[in-house]
Number of protein chains: 2
Amino acid sequence: MQPLSESQEDYLKSIFQLSENSTRLVSAMELADRMDVKPASVTSMLKKLAKLSLIDYTPYQGVALTPSGKLVALEVLRHHRLIELFLTEFLDFGWEEVHEQAEKLEHVISEELEARMAEKLGHPTHDPHGDPIPTVDLELPESPLLANLLRTAENHTGVIKRVTSQDRDFLNLLNRLELNIGVELRVISQERGGVRIQTATDQFLIPVDMASKIWMEAE
Amino acid sequence: MQPLSESQEDYLKSIFQLSENSTRLVSAMELADRMDVKPASVTSMLKKLAKLSLIDYTPYQGVALTPSGKLVALEVLRHHRLIELFLTEFLDFGWEEVHEQAEKLEHVISEELEARMAEKLGHPTHDPHGDPIPTVDLELPESPLLANLLRTAENHTGVIKRVTSQDRDFLNLLNRLELNIGVELRVISQERGGVRIQTATDQFLIPVDMASKIWMEAE
DNA sequence: ATAAATATTTAGACAAGCCTAAAAATATGC
DNA sequence: GCATATTTTTAGGCTTGTCTAAATATTTAT
Ligand SMILES: [Mn+2]
Ligand SMILES: [Mn+2]
Ligand SMILES: [Mn+2]
Ligand SMILES: [Mn+2]
């Protein structure tokens, strides 16, 4: 199997992530949005990836990864998340800074460098955002079931386990609020405007669209 | 100034390195050889770089970097050498392994990552091969004058300061002979076939083409 | 069920960076 | 100094990944 281009790797990764929590096909529009290209460009790339047997592509219907396409996606994702964690652990970057850098590095690190980073990090299972890091055999590690902050019961106390956003501004905002992975909080009330929480030091009303990105260990 | 492509950066770096120890122009053939492309491809890239004022290009004569072209070359070289050193110092790679990886990483690290690596490494001046690392202001650091092993006087004792080759097999051979940067040796005799040397544990005759890559502090 | 809106594909174009083959310029050897 | 060899450039082509505009398919709403 010949090496794939960075662009091809990114398409496969996006397809994986867009279909990760469902069985449905991924549409051309979704991909165009996520990859920031025009739909016509998506169509032409999908044809190429289908010819390489990396995706199953039904025109006008959508696309799904084949097993080998999924392996490529998981490999890139492993690179991405190991790099993010390495940058935070060993080079003092914040979780809000690492995504962009990892987006480029993920395509150019050797398997040997991947292995050395994994080793130095102690073969970690989750990245700085709580995203699971695929294992060396390209399986997603078991993660405890998580519940969205929006669906966390009133009066329940729990710990932030994952934040599903790479937006710098949003993550920076969480930094200022001291709402990071591992932080304990109690849900005071679920309200129409969001979730009112109690942290060690403060009370906030987290707006719905912010809360929807925050995940707690399920009760 | 728009961002340059990886290929453009590599051309500028090669031009810099081919003219580093002389004032002469760099020829298209030299570049084609070093970049592993055909001469026709070089010509077309030289036209582009000239239009960007990164090189002075005289058709049929050769090429030289402009001041801004030189800055780009030094920036890439700084990335390359910091990465090589980082990989050896923090990820246990050997000096024979790092060039290839750095060749790709040099184009995708951010200025922030460059700065963090430099800091963790203590703002180093030389890479694992003894090559000088351009400073953050893109000047080559002062290096003590070096003398090639072929021109080191008989009976002189000195320390290996630089090895000007990135060839894996050659560097591996030096590993086995325990001829690394910092190793002390004494020149027993300069012979037609090479240089006979005495290390802490052994005597060797280093063949001419090997010796020509090894540099000692000048007497 | 049909019209309108939306999504997708096709067609044709373009920039980058490479190639081969041929033409032109330069360098070398006698 | 001239013929030959070498180097360099030009001309034309190819692939990758993108774009716009137009055609077509699908979905949605009445
Ligand atoms: Mn990427
Ligand atoms: Mn992440
Ligand atoms: Mn390079
Ligand atoms: Mn080096």
Side-chain angles (χ1 to χ4, degrees), chain A residues 1-16 18-19 22 24-65 69 72-73 76 103-104 106-108, chain B residues 1-16 18-19 22 24-65 69 72-73 76 103-104 106-108:
Chain A
M1 182 175 286
Q2 86 284 48
L4 300 176
S5 70
E6 301 195 3
S7 187
Q8 290 173 324
E9 290 183 348
D10 280 336
Y11 274 93
L12 293 170
K13 191 177 56 154
S14 291
I15 294 166
F16 177 82
L18 288 169
S19 55
S22 62
R24 66 165 220 302
L25 297 179
V26 174
S27 75
M29 273 268 305
E30 282 177 289
L31 273 171
D33 276 4
R34 145 104 44 160
M35 305 273 311
D36 204 26
V37 296
K38 301 296 168 187
S41 307
V42 171
T43 300
S44 99
M45 180 59 90
L46 292 184
K47 287 185 193 169
K48 286 177 210 166
L49 295 174
K51 192 162 292 178
L52 294 170
S53 297
L54 293 164
I55 60 173
D56 290 321
Y57 170 47
T58 316
Y60 294 103
Q61 295 307 118
V63 78
L65 294 178
V72 173
V76 178
E103 201 57 48
K104 294 178 172 183
E106 64 190 2
H107 306 289
V108 299
Chain B
M1 183 175 285
Q2 86 284 48
L4 300 176
S5 69
E6 301 194 2
S7 187
Q8 290 173 323
E9 290 184 347
D10 280 336
Y11 274 93
L12 294 171
K13 191 177 55 153
S14 290
I15 294 167
F16 177 82
L18 287 170
S19 55
S22 62
R24 65 165 221 302
L25 297 180
V26 173
S27 76
M29 274 268 305
E30 280 177 290
L31 272 170
D33 276 3
R34 144 104 44 162
M35 305 274 309
D36 204 25
V37 297
K38 301 296 167 187
S41 305
V42 171
T43 300
S44 97
M45 180 59 90
L46 293 184
K47 287 185 195 169
K48 285 177 210 164
L49 295 174
K51 191 162 295 176
L52 294 170
S53 298
L54 294 163
I55 59 173
D56 290 320
Y57 170 48
T58 317
Y60 294 103
Q61 294 307 119
V63 78
L65 294 177
V72 173
V76 178
E103 201 57 49
K104 294 178 170 183
E106 65 189 3
H107 307 290
V108 299

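Owing to the predicted nature of the structure, the values given are computational and were not obtained by experimental measurement. As a basis for the values below, the full set of heavy atoms in this structure was taken, side chains included, without hydrogen atoms, waters or symmetry mates.
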Donor-acceptor list for residues 48-60 of chain A side chains, cut-off 3.5 Å, not counting sequence neighbours:
none

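- Rounded to the nearest 0.5 angstrom, Leu18(A) CG and Leu25(A) CG are separated by 12.0 Å.
- Within the 4.5 Å cutoff, side-chain heavy atoms of Leu4(B) are placed close to those of Leu12(B).
- The OG atom of Ser22(B) lies 4.0 Å from the CZ atom of Arg24(B); values are rounded to the nearest 0.5 Å.
- Between Ala73(B) and Leu65(B), the shortest heavy-atom contact is CB-CD1, 4.1 Å.
- Put simply, Lys47(B) has a side-chain N or O that comes within less than 4.0 Å of OP1 or OP2 on dT10(D).
- Between chain B and DNA chain C, the heavy-atom contact criterion of under 4.0 Å yields a 5' to 3' nucleotide range of dA16(C) to dT26(C).
- Considering only side-chain N and O atoms, Tyr11(A) lies nowhere under 4.0 angstrom from the phosphate OP1 or OP2 of dT16(D).
- Taking both residues in full, the closest heavy atoms of Tyr11(B) and Ser41(B) are given as OH-O, 3.9 Å, listed atom of the first, atom of the second, then distance.
- Residues from residues 38-45 of chain A placing a heavy atom under 4.0 Å of any atom in DNA chain D, listed by number, are Lys38(A), Ala40(A), Ser41(A), Ser44(A), Met45(A).
- Note on Glu6(B) versus Lys13(B): no salt bridge recorded, every NZ/NE/NH1/NH2 to OD/OE distance being 4.0 Å or above.
- Side-chain atoms of Ser19(B) come within 3.5 Å of backbone N or O of Ile15(B) as a donor-acceptor pair.
- For the pair Ser14(B) (side chain) and Asp10(B) (backbone), a donor-acceptor distance under 3.5 Å is present.
- Annotation for Ala32(B) and Lys38(B): closest pair CB-C, 4.0 Å, computed over non-hydrogen atoms.
- Not counting sequence neighbours, the partners of Glu9(A) by the side-chain hydrogen bond (donor to acceptor under 3.5 Å, both in side chains) test are His107(A).
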Run Ser44(B) and Lys47(B) through side-chain contact (heavy atoms from CB on, under 4.5 Å) and show every step you take.
CA-CA 5 Å; Ser44(B) 97; Lys47(B) 287 185 195 169; 5.7 Å; no

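- Atom pair Leu46(B):CG and dT9(D):P shows a separation of 7 Å (rounding to whole Å applied).
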Let me see the working for Val37(B) and Leu31(B) under side-chain contact (heavy atoms from CB on, under 4.5 Å), right down to the final yes or no.
CA-CA 8 Å; Val37(B) 297; Leu31(B) 272 170; over 6 Å; no

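- A heavy-atom distance below 4.0 Å to DNA chain C is reached by these residues of residues 25-37 of chain B, ordered by number: Val37(B).
- Residues from residues 49-62 of chain B that place a heavy atom under 4.0 Å from any atom of DNA chain C, listed by number: Tyr60(B).
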